[in-house]
Amino acid sequence: MPSLQYKSLLHYNSLLFRNQFLNVSAASPPSPPPPNRNLSCRITSQSMSCSSETPLPTLRTVTITYYELKDKDADLSLKIEEGFGPNGLGILSITDVPEFPSLRRNLLRLSSRLAALPEDVKKELEDPQSRYNFGWSHGKEQLESGKPDLLKSSFYANPLIDVPTNDAYLIQRYPSYCGANIWPQAALPELEVAFKALGKLIFDVGLMVAYHCDQYVSRGMKMQKDEGLEQILLRSRCHKGRLLYYFPAQLSNHEENSDSMSSWCGWHTDHGSLTGLTCAMFKRNDVEISCPDSAAGLYIRTRSGEIVKATFGENEIAYQIGETTEILSQGYLCATPHCVRAPKGKEASGVGRSTFALFMQPDWYG
């Protein structure tokens, strides 16, 4: 039967790169998307402290246990559809992952120490050639208002490969993907170990999520055995981890910068394939505390345009679908616009926040 190669080019970090292909039968139109399922039973309205606005609905992510996930014979299609399907939020979380709680804590506690390093040391960790997509980055990004984002800092690295390529042409053409890691080996040597350990774990669990996504998608469309999401991610050399630290703010500045719902991270849809997320860690005076404002956190815009707050446990790994996967799965798996809201009020003054994301994305093409 003749087939049609399905290609896409996505614009990511101001660069074009060619993604993987899915083969779809040309003899018949694509299968219709999976049936919608009513998720309203999981949406509940709850009080949000330190907020003068009407409380928004709060939704607990769909959860899958690690032991279910690693069973390749398990049928997880209903949960994949509920979390990632056309009527889902584009997010689900994995519980009971061995070693995750300690690896999460080991890395997140280092973010404030990294941010507190001398400015000349952090300057050495910057990589302008990669558009600050490797190493230390602070004040290089812009808020939705167009102002420089000084509230948060980032440290970027590939947790799987320190030097993905030595090809000078590729490095020049795709600097955000093909660059080499920059570690503070003298100033904070434990960062490399902790970053790689957590990143590798989130990647390995993400591959298991991708396997079950492929099983779900393959029920509705034809794809070659080696061209599913799992194989795309397994072959890629440009996965990127991002350790974020949101600086403590004084009350006056904090109120000024946190009026918007997207005050900590603007509305966006992930461009890659699959994003792994940790729950944030909050600290005041270097002591870990609970989030000081229940209105703060991850917000998602649903398919119907409703805005809801999505929550998952601190010992769970959350995964979100990116635009690349939505395109290649023909909409069976859906990305969702989301943002992060900062805590407000007196209790939020002087509180720092740490979190980590792993952007799992396709390889570049030369």
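Just the heavy atoms: all of them, side chains too, but no hydrogens, waters or symmetry mates, feed the values below.
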Can you tell me if [X] uses its side chain to pair, donor with acceptor, with the backbone of [Y] under 3.5 Å?
{"X": "R284", "Y": "E347", "result": "yes"}
{"X": "S176", "Y": "S130", "result": "yes"}
{"X": "S218", "Y": "Q215", "result": "yes"}
{"X": "T324", "Y": "H271", "result": "yes"}
{"X": "R113", "Y": "L191", "result": "no"}

Is the closest side-chain heavy-atom distance between [X] and [Y] below 4.5 Å?
{"X": "E190", "Y": "L188", "answer": "yes"}
{"X": "V209", "Y": "L69", "answer": "yes"}
{"X": "P175", "Y": "R131", "answer": "yes"}
{"X": "D293", "Y": "K344", "answer": "yes"}
{"X": "Q320", "Y": "H338", "answer": "yes"}
{"X": "T302", "Y": "L59", "answer": "no"}
{"X": "L244", "Y": "S154", "answer": "yes"}
{"X": "P343", "Y": "V351", "answer": "no"}

Do [X] and [Y] have side-chain atoms, one donor and one acceptor, less than 3.5 Å apart?
{"X": "R242", "Y": "T355", "result": "no"}
{"X": "N181", "Y": "N158", "result": "no"}
{"X": "T95", "Y": "T65", "result": "no"}

Closest heavy-atom pair and its distance - [X], [Y]:
{"X": "Y319", "Y": "I202", "answer": "OH-O, 2.7 Å"}
{"X": "P159", "Y": "K196", "answer": "O-CG, 3.6 Å"}
{"X": "D162", "Y": "E192", "answer": "OD2-OE2, 4.0 Å"}
{"X": "L110", "Y": "N106", "answer": "CG-O, 3.3 Å"}
{"X": "S236", "Y": "P362", "answer": "OG-C, 3.4 Å"}
{"X": "A295", "Y": "R341", "answer": "O-CD, 3.6 Å"}

- Query: More than 12 non-hydrogen atoms from neighbouring residues, nucleotides or ligands closer than 6.0 Å to CD on Q129, yes or no?
  - Reply: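 Open: at most 12 neighbouring heavy atoms sit under 6.0 Å from CD of Q129.
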
- Message: Surrounding CZ of R105 (heavy atoms of other residues, nucleotides or ligands, distance under 6.0 Å), is the total greater than 12?
- Response: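 No, not enclosed.
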
Distance, nearest 0.5 Å, that separates [atom1] of [X] from [atom2] of [Y]:
{"X": "C291", "Y": "R353", "atom1": "SG", "atom2": "CZ", "answer": "8.0 Å"}
{"X": "Y211", "Y": "K72", "atom1": "OH", "atom2": "NZ", "answer": "5.5 Å"}
{"X": "T63", "Y": "K79", "atom1": "OG1", "atom2": "NZ", "answer": "5.0 Å"}
{"X": "N133", "Y": "Y177", "atom1": "CG", "atom2": "OH", "answer": "7.5 Å"}
{"X": "L107", "Y": "L198", "atom1": "CG", "atom2": "CG", "answer": "5.5 Å"}
{"X": "D120", "Y": "L125", "atom1": "CG", "atom2": "CG", "answer": "10.0 Å"}

Quick test of your reading of the model: are [X] and [Y] salt-bridged, counting only N-O distances below 4.0 Å?
{"X": "R235", "Y": "E227", "answer": "yes"}
{"X": "K283", "Y": "D286", "answer": "yes"}
{"X": "K122", "Y": "E119", "answer": "yes"}

- Query: Can you name the side chain to side chain donor-acceptor pair (under 3.5 Å) partners of S77, sequence neighbours left out?
  - Reply: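 D75, R219.
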
Honestly curious: do [X] and [Y] fall in one hydrophobic cluster under the side-chain, below-4.5 Å linking rule?
{"X": "L234", "Y": "V205", "result": "yes"}
{"X": "V97", "Y": "V62", "result": "yes"}
{"X": "F312", "Y": "V340", "result": "no"}
{"X": "Y67", "Y": "I94", "result": "yes"}
{"X": "L277", "Y": "F282", "result": "no"}

- Item | Sole candidate of Y132, W183, Y245 that passes ring-ring contact (aromatic ring centres under 6.0 Å, His included) when paired with F155 |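 Among the candidates, only W183 passes.
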
Residues that [X] engages under ring-ring contact (aromatic ring centres under 6.0 Å, His included), provided they are two or more places apart:
{"X": "F356", "value": "F195"}
{"X": "H239", "value": "F203"}
{"X": "F100", "value": "none"}
{"X": "Y156", "value": "none"}

- Task: Could you give me the CA-CA distance, side-chain angles and deciding distance for L243 and L108, then say whether side chain to side chain contact (heavy atoms under 4.5 Å, CB included) is met?
- Result: CA-CA 8 Å; L243 178 63; L108 297 191; 3.9 Å; yes

- Item | side-chain contact (heavy atoms from CB on, under 4.5 Å), paired with F84, selected from L92, L89, T325 |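 Looking at L92, L89, T325, the match for F84 under the side-chain contact (heavy atoms from CB on, under 4.5 Å) is L92.
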
- Message: For a side chain to side chain contact (heavy atoms under 4.5 Å, CB included) check, start with the C-alpha distance between L229 and S273, then their side-chain angles and the critical distance, and finish with the verdict.
- Response: CA-CA 8 Å; L229 178 60; S273 299; 3.8 Å; yes

- Query: Yes or no on side chain to side chain contact (heavy atoms under 4.5 Å, CB included) for M223 and Q330, after CA distance, side-chain angles and deciding distance?
  - Reply: CA-CA 11 Å; M223 60 183 185; Q330 297 186 7; over 6 Å; no

- Message: Between M208 and Y66, is the side chain to side chain contact (heavy atoms under 4.5 Å, CB included) condition met? List the steps.
- Response: CA-CA 9 Å; M208 298 180 193; Y66 175 78; 3.7 Å; yes

- Query: With sequence neighbours left out, which residue pairs that include part of residues 175-189 fulfil the salt bridge (Lys or Arg N to Asp or Glu O under 4.0 Å) condition?
  - Reply: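 Sorted pair list comes back empty.
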
- Task: Please confirm whether K240 makes a cation-pi placement over F134, using NZ or CZ under 6.0 Å from the six-membered ring centre and within 45° of the ring normal.
- Result: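 Because its charged atom sits under 6.0 Å from the ring centre and within 45° of the axis, K240 does stack over F134.
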
